[in-house]
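Chain A is the first sequence line, chain B the second, and so forth, proteins listed ahead of strands; every chain is numbered from 1.
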Number of protein chains: 6
Amino acid sequence: MTDDKRSSVLVISAHSGDFVWRAGGALALYAERGHDVRIVCLSYGERGESQGLWKQEGMTLERAKEARRAEAEAAAEALGASITFLDLGDYPLRIDDAGLDRIVAEMRAAQPEALLTHVASDPYNRDHNAAHEATLLARQVAQAAGHDRTTTPIGAPQVLQFEPHQPEQCGFVPNLLLDITPVFDRKRKAMECMGAQSHLVQYYTDLGLRRGVQAVRNGGAKSIVQAEAYQRLFPIVGDELR
Amino acid sequence: MTDDKRSSVLVISAHSGDFVWRAGGALALYAERGHDVRIVCLSYGERGESQGLWKQEGMTLERAKEARRAEAEAAAEALGASITFLDLGDYPLRIDDAGLDRIVAEMRAAQPEALLTHVASDPYNRDHNAAHEATLLARQVAQAAGHDRTTTPIGAPQVLQFEPHQPEQCGFVPNLLLDITPVFDRKRKAMECMGAQSHLVQYYTDLGLRRGVQAVRNGGAKSIVQAEAYQRLFPIVGDELR
Amino acid sequence: MTDDKRSSVLVISAHSGDFVWRAGGALALYAERGHDVRIVCLSYGERGESQGLWKQEGMTLERAKEARRAEAEAAAEALGASITFLDLGDYPLRIDDAGLDRIVAEMRAAQPEALLTHVASDPYNRDHNAAHEATLLARQVAQAAGHDRTTTPIGAPQVLQFEPHQPEQCGFVPNLLLDITPVFDRKRKAMECMGAQSHLVQYYTDLGLRRGVQAVRNGGAKSIVQAEAYQRLFPIVGDELR
Amino acid sequence: MTDDKRSSVLVISAHSGDFVWRAGGALALYAERGHDVRIVCLSYGERGESQGLWKQEGMTLERAKEARRAEAEAAAEALGASITFLDLGDYPLRIDDAGLDRIVAEMRAAQPEALLTHVASDPYNRDHNAAHEATLLARQVAQAAGHDRTTTPIGAPQVLQFEPHQPEQCGFVPNLLLDITPVFDRKRKAMECMGAQSHLVQYYTDLGLRRGVQAVRNGGAKSIVQAEAYQRLFPIVGDELR
Amino acid sequence: MTDDKRSSVLVISAHSGDFVWRAGGALALYAERGHDVRIVCLSYGERGESQGLWKQEGMTLERAKEARRAEAEAAAEALGASITFLDLGDYPLRIDDAGLDRIVAEMRAAQPEALLTHVASDPYNRDHNAAHEATLLARQVAQAAGHDRTTTPIGAPQVLQFEPHQPEQCGFVPNLLLDITPVFDRKRKAMECMGAQSHLVQYYTDLGLRRGVQAVRNGGAKSIVQAEAYQRLFPIVGDELR
Amino acid sequence: MTDDKRSSVLVISAHSGDFVWRAGGALALYAERGHDVRIVCLSYGERGESQGLWKQEGMTLERAKEARRAEAEAAAEALGASITFLDLGDYPLRIDDAGLDRIVAEMRAAQPEALLTHVASDPYNRDHNAAHEATLLARQVAQAAGHDRTTTPIGAPQVLQFEPHQPEQCGFVPNLLLDITPVFDRKRKAMECMGAQSHLVQYYTDLGLRRGVQAVRNGGAKSIVQAEAYQRLFPIVGDELR
């Protein structure tokens, strides 16, 4: 991917918090370089990822969605990204053909060079699987010449899976350690917007340090402090032996 | 890997022909860019990969080695690479501690940014496994502060496995499709030096086209015609989502 | 899991016979110890697992279901377990959102410490896959604070996959060999209730002996005769090195 | 499988072109031997696999389907096979219960000894996954004594997965290299019927040569020139050590 | 493999009992059909697989070897096979270059169409791994034109791994269920020769029944009673879809 | 494993530091409960894991070994364990038959109920592989009735692999999260003894917290703060569904 201003990065996030913890550094990095960075939240995580909210008296689904939406918008802004909510419901997240078409439309609008999403199989959270599957299926449909003749088919963007909570249980094997040291402040700020899950800020700061140590061990610059781990799905095409 | 002139690429080849068919394009590419490209042949393939020679009357191990050496030197020259022969024997290739120390010495002398070698498990040819294992073991020893205090430990070079003859039977899953279009003429010239295995030139030209088609399908430039497939072993460390 | 009387075990069985052959020993063991043992049959196996019944003249789906239900109730009683039938249909078993909600409700009612179900991928019988997937998805939904505020979310019960008919073809790797010797008589009695599949009693008795021999070989007590094999999905949390 | 005239081969093809490129040799081979060879196309590939057609002015879905149908019928005829189109739609291909019942009916009508279809997981094309899953599910339903009492249940046909475009990325490991040398002319003729994808004829001719070389290397007759690769799903039952 | 009288089958057995329990049916089947069936025992299993013998007073390694040899010779005779003992030692079995050369010589003498041996990785018994590795390495060396010019290189025989004691723990996935019903009496007779391990006769009779049931389930003839499971290593080359 | 005072735990550690970082909590836990806890260091890690020492002027292999030995003895004492050094050399660690016999002797002397060691395949450090392989091989030999008639064969102890530095790159999938909260102070004290690798104390404290969070998420008590991850190799035999 060149630093061409027109190239974009698109995240498909099952719930409205996932993009912050798992890919916030990547988003800030690309936003800062002038790329068009877009987030699609398939759901708000209103039922399954809002424990704090549900402890409040009188909580309703609508109020939970609103609170989650406000947090996610603040986080996206802190990262320099735009954000869209498809409100398809969570626990379970079910993506029908209409939902798929909306994801396809987002892909065609973005013409992304990279798609970020969840792993294929998370035994703890099948919404993650659904988001992964929808990303691959929408990518395929978005490439089809015969789908929606009013918008432009996409090329063949890389798909990068971000790190799940318990990586080894999800078959996650990082093949990219992304140096996010220069933008970690912005990621931290975005994480701090997520009031419903505030206990996770320290956890993901520590995880970033751990991935940073591994980055240096794998030949990265000694200056790397914070990193995010990704597993890309497709081969890299290029002219460098790395 | 930057285009810094001092960086080098080192191939650990089980037999004297492997580097030509499987990595010739990569070597030519880096040589042309001014990198220091080095080949270490663990054996000549004198017993198991010289069928043509053994049809000649009066063939001996020594004569087979000489013929194979001459071919490999010519091929290396065509690619712009230097070459060393450790003559450890083939079918089976056995690497003892003295042999290992020589590989370590080559690594320390080269200070490579990338190591190229065989896959971990080839059911047809266990010499390939031995070369793979020796590469990982030598890499580890070459990093050790307490090994041979007269030479300089290496960093953490990437290890790229090149394509075996029957990739699916060897668990080979390419994660790099290297565009070798600009240097394919040099690879072809190098392949034509390998008189003992001349039937393979067309085969590997076709394979390069096949990998080239796949490179385009995976988002590579439409101009790619010839590619080589690699499976890197370690995560990439970097600041790009690719 | 402590022997606390309130803890329960819940089986999610694709067809009405599966729980007998594959988990009957476990159920009898826990029932005998005073645990609350519950079986949920997603279907009766009326179309695909009632060959004997369909040889009878005038058989209908309803009569097949009744016969299967009677057998399964007798088997459950022999094991000391309660049983519920969701009647979602078999061959294929399809679990929609209403079906899922009923499974969630069963989980919340049971508050199980262990869930038993099928493997993730059985090439011979995709109903088994559907039951596995529904179990993981229902477990996740049953944990959600925002789902059905009138019932209590569950904790994080272990999921144990029981042995499929052809284990190696299903990726089944046992990591628990459960000693069912003390209750094997009850399992045998339950198996004998399954008139539609009577040829299987000897088969599963022999399988139990085979797993018993393996249990002893893996360090179990010499007194073990009959065992059942399970593959748990999640890490054990504990303070013992076993 | 004996050469009994009554035995049949049934292909379940996601799009109307797949059976030609990936299994044309097998179909011609069996047709020539007098077997009943049947093709079921789940869709025409009208949206996603008709790029050439969509470059024509005024193209519509119906016209694309017609063009694809005509090509596929010509190809089937060249191979000596009969063909049926289920027109379930592509990109995405969705198979509901009615669609499944039609596949089951085709299986029962054919009483096949071998089923040919796509791999389980193709990251580039989820329609292939859908066809694979539908084949396994339909096979199971077609075996059920209680399904559609007016037709005859099938036995336990082998399922052979044909080669995807990028085999290593799809987990494809060939365990059958089928010698199609005697019928390659017919496969070539069938490939030439596929006007919408004419660039692929040379590509699949080269692939056939490559698989042919591998066939000889794996102990096949020296006379083998063209081969197709398959991955069967179930164990072979037989009395030969091969 | 044709029924040509000159074709042969060669077993590489880590200990002197393995070939009986795991491949006795295959050997009897081929011997009865007139094939040349040969067994190479790398060790007698004198230290690790002779528990019964070591309970006898005054037992020595030499006496244990003699007893094991006598049993194995009787079993081989019952199966109609010839047998050779390399006496390389067990627990651990170590195969040096001289040992390897002897295995290569056996392969060249036999010119086998099929090689039978252990799985690649048995966590309980690393001698099995050593036998597997030696088989692959010897196969490769036996193919080399430049190895021992006085004997004839072999072709590319299939390698079939026989069933380990705990198949799932060894990554064993059967892809051949061999019908041994017609010769089971001979296998039973051979098993009864193995005095040191007499408790295993019933165990392996039951296992044969289990594999027989599975053979029928996978489409085999209803007449199959006893079967042995194998996992072949290389693709089959042929002209049948099975 | 019962709390029987006579049962023991044995660690096979490639280098003299591994047991501290990776299994210190388990050792302290068992020592505190009165078990006999033993450590066998195959090498001192004198060449490859003593970077700090080699920065000191005049360092020699012997002095490095002494320094490492002193640290390891202090750490073992802090944990309440006994320690033995086999001094087999590191980078590479090579275990010949004499070395193997010494490990066997340690196993027979300890009669352990659990063996702790490294993973099977660490691409960064093949000494870890060597230790794993030696553990399995020594376990098998230690079980053999015919090996060293003067000592007593062992039973079938579980093998638990401890966590490597980069778990996902080593195929490490934890299936035991061991609560070490009650003894973490002792582990920390032991870690602080390792002067040559002092930068790792914080790193492994953070890792313990991370595993602790996961332990709670997998159903562990809320009181768990520090945990260690293990991957056991063999099935558990027992009478509990966990």
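- When each of F:V173, F:L178, F:L177, F:L176 is paired with C:P235, the side-chain contact (heavy atoms from CB on, under 4.5 Å) condition holds for F:L177 and for no other.
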Q: Step by step, work out the side-chain contact (heavy atoms from CB on, under 4.5 Å) result for F:R33 and C:D239.
A: CA-CA 11 Å; F:R33 290 190 199 142; C:D239 62 0; 3.4 Å; yes

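- Considering every non-hydrogen atom in both C:A156 and F:G219, the closest pair reads CB-N, 3.8 Å.
- The neighbour count for C:E32 CD, taken as heavy atoms of other residues, nucleotides or ligands under 6.0 Å away, is above 12.
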(Q) Please determine whether side-chain contact (heavy atoms from CB on, under 4.5 Å) holds for the pair C:I236 and F:N175, giving the CA-CA distance in whole Å, both sets of side-chain angles, and the decisive distance to 0.1 Å. (A) CA-CA 6 Å; C:I236 291 181; F:N175 50 25; over 6 Å; no

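- F:R232 CZ: more than 12 foreign heavy atoms inside a 6.0 Å radius.
- No more than 12 heavy atoms of other residues, nucleotides or ligands lie within 6.0 Å of CZ in C:R217, so this atom counts as exposed by the packing criterion.
- Looking at C:I180, there are no atoms closer than 4.5 Å to chain F (heavy atoms on both sides), in backbone or side chain.
- Put simply, the side chain of C:D179 does not reach to within 4.5 Å of the side chain of F:V237, judged on heavy atoms.
- Contacts between C:L116 and chain F at a heavy-atom distance below 4.5 Å involve the side chain alone, from C-beta outward.
- Listed options F:L233, F:N218, F:L160 were ranked by heavy-atom pairs under 4.5 angstrom with chain C; first place goes to F:N218.
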Q) What's the verdict on side-chain contact (heavy atoms from CB on, under 4.5 Å) for F:E240 and C:Y30, showing C-alpha distance, side-chain angles and the deciding distance? A) CA-CA 9 Å; F:E240 293 190 21; C:Y30 271 68; 3.8 Å; yes

